[in-house]
Amino acid sequence: MSDARVLRAFAAELVAAGVTDAVVCPGSRSTPLALALRAAPGLRVRVLLDERAAGFFALGMARTSGRPVVLLATSGTATVEFGPAVVEASLSRVPLVVLTADRPPELRDRGAPQTIDQDHLYGVHAKWYTELPLFDGDPATEAHVRSVAGRAVATAAAGPAGPVQVNVPFREPLLPDGPLAGSEDGTNGADAPLAAPFTSAIAGRPILDDDLLAELAGLLGRTARGLIVAGPDDDAELPEALAGLARATGFPILADPLSGLRTGPHDRSLVVTRADQLARPGGWIEAHRPDLVIRTGAMPTSKPILQLLERTRPGLVVIDGDGGWRESALLPATFVHADAAATARALTVRLGSSVRRGTWTRDWTDAERTAARAMDRWLAALDEPFEGSPFPALAQALPDGAVLWAGNSMPVRDLDGWLPSTGRAITVRSNRGANGIDGVVSTALGSAAVAPGPVALVVGDVSFLHDLNALLAAKLHGLSATIVLVNNDGGGIFSFLPQAQPGTPAGSGLPEHYEELFGTPHGVDVAPIVGALGGEHVPVAGNADLAAAIADSIGRPGVRVIELRTNRDRNVELHRGVAAVVARALATAVPA
Ligand SMILES: Cc1ncc(C[n+]2csc(CCOP(=O)(O)OP(=O)(O)O)c2C)c(N)n1
Ligand SMILES: [Mg+2]
């Protein structure tokens, strides 16, 4: 039997360290912890059935609340199912505390049921691994278990945030030896969360020394053709700080849709949202190549921006307060391992607040306006369904405090192409750590469980099918979300790749096996599935219908799956068409 006092202490310590939410999956070996978490004051437990979906659900919660979320699974393959979410959490720097229940030492590696090797199960993807002892009543066990709980939460949250694994063995019988809720006599109230945590960590934003700041400010001050490339980043302080730096340097900000720069009340006058069009090789960009790029966050979503870095090889400064080395353009680079927002603010002060806006800055803001106008006109005149159209509609419909998620594959690229700049405080997110099409719906629904406003998701059909049981979470826990399902009956992104183009090498199996291997049409009618899982299916015929359905759904309780049907071949034509329209507009634009 597990010592109830130690179980209570472990759960209470997680709460004292700042955890408010746990996602628990059913099982037997995890019984003592499941009961302890459920009984812990200050902890909200949600039970989900599929560990893979549960892992992503917890990831979405942690990403939106900013707090570590606890995950619990029973022993065996259940623990492995957390793998994809653990990998994503590691690469996108999201704090998770993964508790894996296990057999006691004497039942391992000897054919006992539901027993696998869970030692360092997630390999390099977990920031920390430890195994707890059996929960006996020894005071040393209690002190150790407490300190491990605090350390696990602090380690998960410390920059770069990420997942930790705590393996917890239990010997039968699996019931605790005393009450978990309330005092020893079973009455409530005596076991309030610990006033002070047993183990806690204090961490701050790493900043640069003055002489290093002066050096960096000097470099920026000497540069006429500079750009700030703001990549995916969850730091809410960054938009204001980078806007200030842009003003002080005159460097336009190429704002990834996941950077936080496109949406919110900060100064967006130097924010460029159409860089994916502006940076296309052979066009406007060739007369506007940068000499220096300051990059923050993860690598940008846009391929043309990446190509711009690779082709024009500007000087590169990457600022990453978590000490990372994210730079996949293979350029000589200086990594500034200091907090990006704090560094931007300090540089702004050093450079002085005088606004530097020469031709370089004006050229970019003019081009941004020209491209945005050309794209808006093109879309307004389009009378057929288009995969980019959900994003302007969502930017219109979502209120302050909303969270907008985009699935991987084409949705996140169309988000990049079509999410306009808006003063509305909309948080925009995607699982870009490992770019998986798995767990997309689960992540968004986890976000919906803790978001301060409504949650919307744009997802492809293959991704949607990949994570079908995600909708069960909404049914079980009364969650609300607006899901725009872009159904092109297969993987639309592959239509843009070389395997879909004419002139594939003879004998390669193309084009005859294209549909089987890449297009993957499935012909699934999702309407009855959505209905069976408690959602509402809303088919829409075109872009105007879609905008109306979105506006109608946002903020209403329940899950609606708004399905926009598109065609993969036509989608390529439309994307090429709008690119040509923008290129023409840029070539003929008269500077304002
Ligand atoms: C877990 C996982 N499996 C496979 C892939 C490879 N993959 C990338 S895009 C894609 C097709 C996605 O189709 P859909 O979700 O319908 O989006 P669309 O391409 O049509 O926009 C696949 C299979 C991946 N990124 N992640
Ligand atoms: Mg698709």
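Atoms within a ligand are numbered from 1 in the order they appear, just like the ligands themselves.
Distance check for Asn488 against the Mg ion (ligand 2): an N/O/S atom falls below 2.8 Å. The distance from the Mg ion (ligand 2) to the nearest N/O/S atom of Gly460 is not under 2.8 Å. For the Mg ion (ligand 2), the set of nearby N, O or S atoms under 2.8 Å includes none belonging to Asp489.
Atom 24 (C) of ligand 1 is flagged as protein-proximal [any protein heavy atom, distance under 4.0 Å].
Salt-bridge check for Arg576 with Glu573: failed, with every basic side-chain N at 4.0 Å or more from each acidic carboxylate O.
Heavy-atom proximity to Gly491, at under 4.0 Å, picks out these atoms of ligand 1: 11 (C), 13 (O), 19 (O), 20 (O). Close approach to Asn435 involves these atoms of ligand 1, each under 4.0 Å from a residue heavy atom: 25 (N). The contact set between ligand 1 and Met410, taken as ligand atoms under 4.0 Å from a residue heavy atom, comprises 21 (O). Proximity to Asp438 (heavy-atom distance under 4.0 Å) selects the following atoms of ligand 1: 1 (C). Near Gly436, with a cut-off below 4.0 Å to any heavy atom, the atoms of ligand 1 are 26 (N).
Within the 4.5 Å cutoff, no side-chain heavy atoms of Pro411 are placed close to those of Glu387. A heavy-atom distance below 4.5 Å is found between the side chains of Val69 and Val23.
The protein atom (non-hydrogen) at minimum distance from atom 26 (N) of ligand 1 is Ile437 N, 3.1 Å. Of the protein's non-hydrogen atoms, the one nearest atom 13 (O) of ligand 1 is Val462 CB, 3.3 Å.
Restricting Asp461 to its N/O/S atoms, the shortest distance to the Mg ion (ligand 2) is reached by OD1.
For ligand 1, the polar-atom distance check against Gly492 finds a nitrogen or oxygen pair separated by under 3.5 Å. When only interatomic distances are considered, the shortest N/O to N/O separation between Asp461 and ligand 1 falls below 3.5 Å. Inclusion of Ser463 in the set of residues having an N or O under 3.5 Å from an N or O of ligand 1 is warranted. Inclusion of Gly490 in the set of residues having an N or O under 3.5 Å from an N or O of ligand 1 is warranted.
Using a 4.0 Å cut-off between heavy atoms, Phe494 contacts ligand 1 through its side chain alone, with no backbone atom that close. Under 4.0 Å from ligand 1, the heavy atoms of Asn488 that appear belong solely to its side chain.
Under the 3.5 Å distance criterion, the side-chain polar atoms of Gln118 are matched with a main-chain donor or acceptor of Gly76. Checked by atom type and distance alone, the side chain of Asp467 pairs as donor or acceptor with a backbone atom of Ser442 at under 3.5 Å. Counting only distance, with no hydrogens or angles, the side chain of His477 and the backbone of Val47 share a donor-acceptor pair below 3.5 Å.
Under the 30°/60° scheme for interplanar angles, the aromatic rings of Trp418 and Phe386 are found to stand perpendicular. By the 30° and 60° cut-offs, the orientation of the rings of Phe496 relative to His575 is perpendicular.
Nearest to atom 19 (O) of ligand 1 by heavy atom, out of Ser409, Pro411, Gly439, is Ser409.
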Start with the C-alpha gap between Ile305 and Asp276, add the side-chain angles, then the distance that decides, and say whether side chain to side chain contact (heavy atoms under 4.5 Å, CB included) holds. CA-CA 6 Å; Ile305 294 181; Asp276 185 66; 5.8 Å; no
Please evaluate residues Leu546 and Val484 with respect to the criterion side chain to side chain contact (heavy atoms under 4.5 Å, CB included), reporting the C-alpha separation (whole Å), side-chain torsions for both, the decisive distance (0.1 Å), and the verdict. CA-CA 9 Å; Leu546 170 70; Val484 178; 4.0 Å; yes
I would like to know whether Leu404 and Leu419 meet side chain to side chain contact (heavy atoms under 4.5 Å, CB included); could you show each step before the answer? CA-CA 10 Å; Leu404 169 59; Leu419 182 74; 4.1 Å; yes
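Atom-to-atom distance recorded for Ser30:OG and Leu72:CG is 4.5 Å, nearest 0.5 angstrom.
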